[in-house]
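Structure, as structure tokens:
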Amino acid sequence: MKKIKKFTLKLIKEKNLQFSESFSNSFSTMEVTVVLLKPSAVQRGILGEVITRFEKKGIQIVGMKMLCLTDEMVSEHYAHLAHKPFFGRIKASMQASPVVAMALKGVDVINVVRQLAGVTNGREAAPGTIRGDYSMSVQENIVHASDSPETAARELARFFSESEIFTYPHFLHPCTYANDEL
Ligand code: IDP
Ligand code: MG
């Protein structure tokens with residue numbers, strides 16, 4: 001935990017990433033969140049369509065890579081489900097192929113991306129959301145998205161090294177946000 005905090009603070013300083021804990025008094029906060037495009041997205045050949053949704057929304061991609069999740073990564077990532085009878089199935093499903101990990105940056109992006117993803121069960125997720133449009137399953141639900149600033153910081157450290165997170169001008173910013181939203 002200490003290591004994660006140190007890594008996060010270093011990223012905030014060096015990469016100009018800002019997490020909401022640092023700006024709890026402002027109305028809007030520039031944040032970074034983590035999305036995993038699960039094997040269900042990789043194997044169904046819809047990576048491009050899902051990535052396009054984030055881009056079209058005005059969210060900046062600051063990290064992206066393909067990787068195979070290790071046993072340790074999945075166990076840490078889904079530790080809150082370790083006691084469930086279906087945990088073995090989830091684990092196998094997350095390791096069925098490589099995943100694509102993305103670091104996404106934007107104002108209030110953690111909540112925005114959770115809304116774009118939709119609720120866990122694809123059959124109940126609202127049309128227009130990623131899960132609502134592409135999934136018929138609770139388990140095979142296309143994307144993972146961080147659910148809080150603390151989780152986002154932990155997941156960023158879990159899936160990315162410092163050199164894999166980028167800072168670059170987002171030329172669409174003037175069309176994406178008003179000055180007082182940044
Ligand atoms: P979330 O992905 O919407 O945050 P969580 O409850 O954190 O939902 O569960 C993590 C993942 O575990 C889900 O996205 C889904 O793939 C899987 N999962 C959750 N609940 C079930 C279940 O009841 N059966 C099968 N898989 C599940
Ligand atoms: Mg979750």
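Whatever order the structure lists them in is the order used to number ligands and atoms, beginning at 1. Below, each value reflects all heavy atoms present in this structure, side chains not excepted, and no hydrogens, waters or symmetry copies. Just so you know, these numbers come straight off a predicted model, no measurement behind them.
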How close does the nearest protein non-hydrogen atom get to atom 9 (O) of ligand 1, and which residue and atom is it? Leu81 CD1, 3.4 Å

Would Leu81 end up clustered with Val99 when hydrophobic side chains under 4.5 Å apart are linked, directly or stepwise? yes

Per-residue contact class, Asn141 against ligand 1 - non-hydrogen pairs under 4.0 Å: side chain

Would you kindly specify which portion of Ile90 sits under 4.0 Å from ligand 1, judged on non-hydrogen atoms: side chain, backbone, both or neither? side chain

side-chain contact (heavy atoms from CB on, under 4.5 Å) for Phe86 and Val138? Distances and angles first, verdict last. CA-CA 11 Å; Phe86 52 81; Val138 181; over 6 Å; no

For ligand 1, note which part of Lys91 has a heavy atom under 4.0 Å away: side chain, backbone, both or neither. neither

Derivation and outcome, side-chain hydrogen bond (donor to acceptor under 3.5 Å, both in side chains), residues His144 and Glu155: CA-CA 11 Å; His144 161 80; Glu155 292 177 355; 2.9 Å; yes

Please lay out, stage by stage, how Ile59 and Leu116 fare under the test side-chain contact (heavy atoms from CB on, under 4.5 Å). CA-CA 11 Å; Ile59 293 169; Leu116 290 179; 4.0 Å; yes

Does the pair Lys38/Glu140 count as a salt bridge with the N-to-O cut at 4.0 Å? no

Taking only non-hydrogen atoms of Tyr78 and a 4.0 Å limit, the atoms of ligand 1 in range are 10 (C), 11 (C)

Distance-only N or O hit between ligand 1 and Thr120, under 3.5 Å: yes

Minimal heavy-atom distance between Gln95 and Thr70, with the atoms involved, is NE2-C, 3.3 Å

In terms of residue, atom name and distance, what is the protein heavy atom nearest to atom 22 (C) of ligand 1? Phe86 CZ, 3.4 Å

How close do Ile110 and Ala152 get, counting heavy atoms only, and between which atoms? CD1-CB, 3.9 Å

Would you say Arg114 has any N or O atom under 3.5 Å from an N or O of ligand 1, going by distance alone? yes

What do you reckon, does His80 put a non-hydrogen atom under 4.0 Å from ligand 1? yes

Nearest protein heavy atom with distance in Å, relative to atom 2 (O) of ligand 1: Arg131 NH2, 3.0 Å

Using non-hydrogen atoms of the residue, decide whether Asp147 is closer than 4.0 angstrom to ligand 1. no

Look only at interatomic distance and state if Gln139 has a nitrogen or oxygen under 3.5 Å from any nitrogen or oxygen of ligand 1. yes

Looking at Tyr177 and Val107, what are the two nearest heavy atoms and their distance? OH-N, 2.9 Å

Within reach of ligand 1, part of His77 (heavy-atom separation under 4.0 Å): neither

Tell me which part of Lys84 gets within contact of ligand 1: side chain, backbone, both or neither, using heavy atoms under 4.0 Å. neither

Does NZ or CZ of Lys65 come closer than 6.0 Å to the centre of the six-membered ring of Phe160, within 45° of the ring's axis? yes

Is it the case that the side chains of Glu31 and Thr29 hold a donor-acceptor pair, with the cut-off being a distance below 3.5 Å and no angle test? yes

Using a heavy-atom cut-off of under 4.0 Å, does the side chain or the backbone of Lys38 touch ligand 1, or both, or neither? side chain

Counting non-hydrogen protein atoms only, what is the nearest one to atom 15 (C) of ligand 1? Give residue, atom name and distance. Val138 O, 3.3 Å

